[in-house]
Amino acid sequence: MASKIADVLIPLALDTAYSYAVPDGLALEEGDVVQVPLATREVAGVVWALREGQGANFKKVTGVLEGPNLSPRMRKFLDWVSWYTLAPKGSALAMSLKFPDPDRTEVVRVGVKLTENLPRRMTPARQKVIEAARDGIVRLKSELAHAAGVSNGVVDGLIDEGVLETLALLQEPVAGLPDPAFGDTTLSDGQDNAAKELVAAMGEEHPPVILLEGVTGSGKTEVYFEAVAEAVRQGKQALILMPEIALTAQFLDRFATRFGVKPATWHSGVTGRKRERLYAAIASGEVKVIAGARSALFLPYHDLSLIVVDEEHETAYKQDDGVHYHARDMAVVRGKIENAMVVLASATPSIESRVNVERGRYRHVKLPERFGGRSMPQIRSIDLRREQIPKGRWLSPSLVSSVEETVARGEQALLFLNRRGYAPLTLCRACAHRYECPNCSAWLVEHRFRRSLVCHHCGHVERTPQACVECGSLDSLVPCGPGVERIAEEVTELFPDKRTIVLSSDFPGGTERLRTELAAIAAGEVDIVIGTQLVAKGHNFPLMTLVGVLDADIGLTSGDPRAAERTFQMLQQVTGRAGRGEKPGRALVQTWQPDHPVIAALVSGDAERFYEEETRVREMAGLPPFGRLASLIVSAEEREVAEAHARAMAMVTEPPPGVMVLGPAEAPLALIRGRYRYRLLVKTEREVDLQAYLRSWLSRCPKVRGNTRVSIDVDPQSFL
DNA sequence: AGCACGCCGACT
DNA sequence: GTCGGCGTGCTC
């Protein structure tokens, strides 16, 4: 006898949906969340498909679970993500499902209200409670007790005697309703045109992907807020994706200034009951605007009409464990599936987004000027081959005098060096022993404050030894090269009476203290800031008028095919810190190669030329324009296994036709959370079949013992 | 992700 | 002898 069969996808690392018999009388629909037996236990899963068939030997669906189900669009998206990333379907599903946390008992908020009844015995305390409750307002038990100035026990006693009745209180809404008409919407002409373009595009039958490019300080946020306002006006939802660190109080306040309330936020810090309620409210469409980290892309939105990817070039959008994906690219796909507009916002767009603009896949909206008539900082390079720097010093005389003038005027200077610690290399003067990490092959970086040698690759830390571990000589360690701590030492010697601070990701005291310090800098309590990449983005320092880049060449020769692009973006961001307040800013860039395309473009301010040049250079180097470049990550718990597998894939195995292995990319071998990773660059001739090529290739790769995984990172638009 | 099964070291 | 370590593999 034919009966109903449900193919249920379980949020585990399983690649196929399992079939279960649907018991008679159980109403099921595709997308429903159900409970099913799996081996010895019961698990939750999602009905991926329903069909008729012989289900006699299948286990039975136990029941349907309450809560939001997954729409066909959502399921299509998850299928796509799984297909594209080579991750098991169940793993993709696991990113979307948030089941109630069983450890957490439901917190029922009980309200109390006065009845007609009088207590059998009146006491002064009871009298106070009755007085306080006389207004008829329903209050929490504890609130009433507090208002009456008595303990909870008195209230409980009155409840027992029926003088007060209890009622379940409605939950507070998870987020306020943003009001598109709330705040000031004064925009510059440039902003206004851009905003109108975005809003108009939202009304198109197939809303586009728009690259919103605007220099630091041009007010991109206010522009895309207008698109968010439009989504809210239409009663639809908007998602603002941002790198986790960018979800700051500052951003939320800006949103509140425009919309009257803070947006709902979704990130790893939102947990427990709050996470569950937000999940449900997003699924029902009750919450209109969500600002979230990349994981927010996998929520079951009810009616999404806009996705903004803020700082689209940020590498933090890449997820490198579990399901490997790039949230910006997945956002583009989700937008297509949901028929929502996607806005990619950045001051320094990624090359692939530019290429997509060129190819006509994305639209380009530009904000060429700073808001409020402010100008971009003047950038000048300092040729280190010509300007002599005293031995053991790192600031050139002209940079020193500029810092001097700047702080003398009561303005701030930022000295940027993208190297944490005191010195990037430490060696023994007596025997020339170089301190190396025992796990990876990286140099150990001296951290004087912490008195330790640290591996910046894997996090290995050891005490700075008194005597050389190799030859035993005492006090023989020599620091080679500068880190921010060493620069701080130099600055203190040069400017003993100025207030300085060192900011890097290992800042002692954690994010809490860092936030206070950033606010102190903004308030002008510091004269000279010495910082790593940490200071390159986000914070606005109105008094900062000078940025000195100490070594612009760091990273230009790393062998990473994206080295030039990354360096350019970073330098543009950091020099953009200057002159964001009343006074104009300038930047001095110390370099050994002033003619390098990255430095030349930075100084001339001609980003467009740099990107053209960079695309050309890549093509000449045999690197394909984006969309045909993939990177494979082989990872395993043992170094030998990872290396062997990577070698096998790069050389032994014959790649499928049209696929070429370009060799190791970025850090060829890295130890990340106990797994060795080997990254290979792959080029393909044809875009559309890349996935199929790689699948067939991988299936023919020799099996290497151990738990190896492979992931792929390509341009998604090729596959739509 | 769980959970069972299985094959080797130190214990009542 | 067996309790338990975690390596490997399966779950409709």
Side-chain angles (χ1 to χ4, degrees), chain A residues 1-65 67 69-70 75 78-79 81-82 85-104 268 271-272 275-276 279 295 298-300 319-325 634-642 644-645 671-676 698-699 701-711:
Chain A
M1 188 189 79
S3 54
K4 275 242 157 109
I5 294 179
D7 294 324
V8 177
L9 188 61
I10 291 152
L12 299 175
L14 299 169
D15 207 23
T16 47
Y18 286 168
S19 304
Y20 291 88
V22 182
D24 290 337
L26 186 69
L28 266 194
E29 283 185 44
E30 291 183 350
D32 281 347
V33 180
V34 291
Q35 199 175 27
V36 289
L38 182 72
T40 53
R41 68 218 143 101
E42 290 275 319
V43 293
V46 175
V47 179
W48 225 244
L50 276 177
R51 58 192 167 90
E52 299 286 329
Q54 294 293 347
N57 39 14
F58 291 140
K59 289 186 180 176
K60 281 186 183 145
V61 174
T62 316
V64 187
L65 294 176
N69 54 6
L70 295 194
R75 281 177 274 135
L78 294 176
D79 279 336
V81 168
S82 150
T85 61
L86 293 183
K89 277 193 176 160
S91 302
L93 176 63
M95 297 195 293
S96 277
L97 280 193
K98 300 284 169 291
F99 297 115
D101 185 349
D103 300 341
R104 192 169 281 272
S268 56
T271 53
R275 197 176 180 94
E276 291 162 27
Y279 182 85
S295 59
F298 292 92
L299 293 169
Q319 172 136 84
D320 261 346
D321 49 42
V323 181
H324 300 248
Y325 66 91
V634 180
S635 89
E637 273 154 32
E638 289 163 52
R639 181 183 179 138
E640 290 72 31
V641 175
H645 203 165
L671 182 69
I672 299 165
R673 260 168 265 157
R675 298 181 69 83
Y676 286 95
L698 293 175
S699 67
C701 261
K703 283 265 176 198
V704 181
R705 232 185 80 85
N707 189 3
T708 55
R709 288 179 202 168
V710 172
S711 74

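Just the heavy atoms: all of them, side chains too, but no hydrogens, waters or symmetry mates, feed the values below. Here is the naming used below: chain letters follow the sequence lines, and residue numbers restart at 1 for every chain.
- OP1 or OP2 of C:dC12 lies within a sub-4.0 Å distance of a side-chain N or O belonging to A:Y20.
- The nucleotide whose nearest atom lies closest to any side-chain atom of A:K59 is, among B:dA1, C:dC12, B:dA4, C:dC12.
- Between the CG atom of A:L12 and the C1' atom of C:dC12 there is a distance of 13 Å, given to the nearest Å.
- Rounded to whole Å, atom P of B:dG2 lies 12 Å from atom CD1 of A:I10.
- To the nearest angstrom, P of B:dC3 lies 6 Å from CZ of A:R41.
- Rounded to the nearest 0.5 Å, atoms OG1 (A:T62) and CG (A:L38) are 10.5 Å apart.
- Under the 3.5 Å distance criterion, the side-chain polar atoms of A:Y20 are left unmatched by any main-chain donor or acceptor of A:V47.
- A:L50 has its CG atom 15 Å from the C1' atom of C:dC12, to the nearest Å.
- Within 6.0 Å of atom CD in A:E29, 12 or fewer heavy atoms from other residues, nucleotides or ligands are found, so the atom counts as exposed in its surroundings.
- A:L70 contributes atom CG, which lies 6.5 Å from atom OG of A:S96 (distance to the nearest 0.5 angstrom).
- Here C:dC12 presents its C1' atom at 15 Å from CG of A:D15, a figure rounded to the nearest Å.
- Note: CG (A:L93) to C1' (B:dA1) measures 13 Å, nearest angstrom.
- The NZ atom of A:K60 sits 21 Å away from the P atom of C:dT11 (whole-angstrom rounding).
- Atom CG of A:L38 is separated from atom C1' of C:dG9 by 13 Å (rounded to the nearest Å).
- Distances were taken from every side-chain heavy atom of A:A39 (C-beta onward) to each of B:dA4, B:dA1, C:dT11; the shortest belongs to C:dT11.
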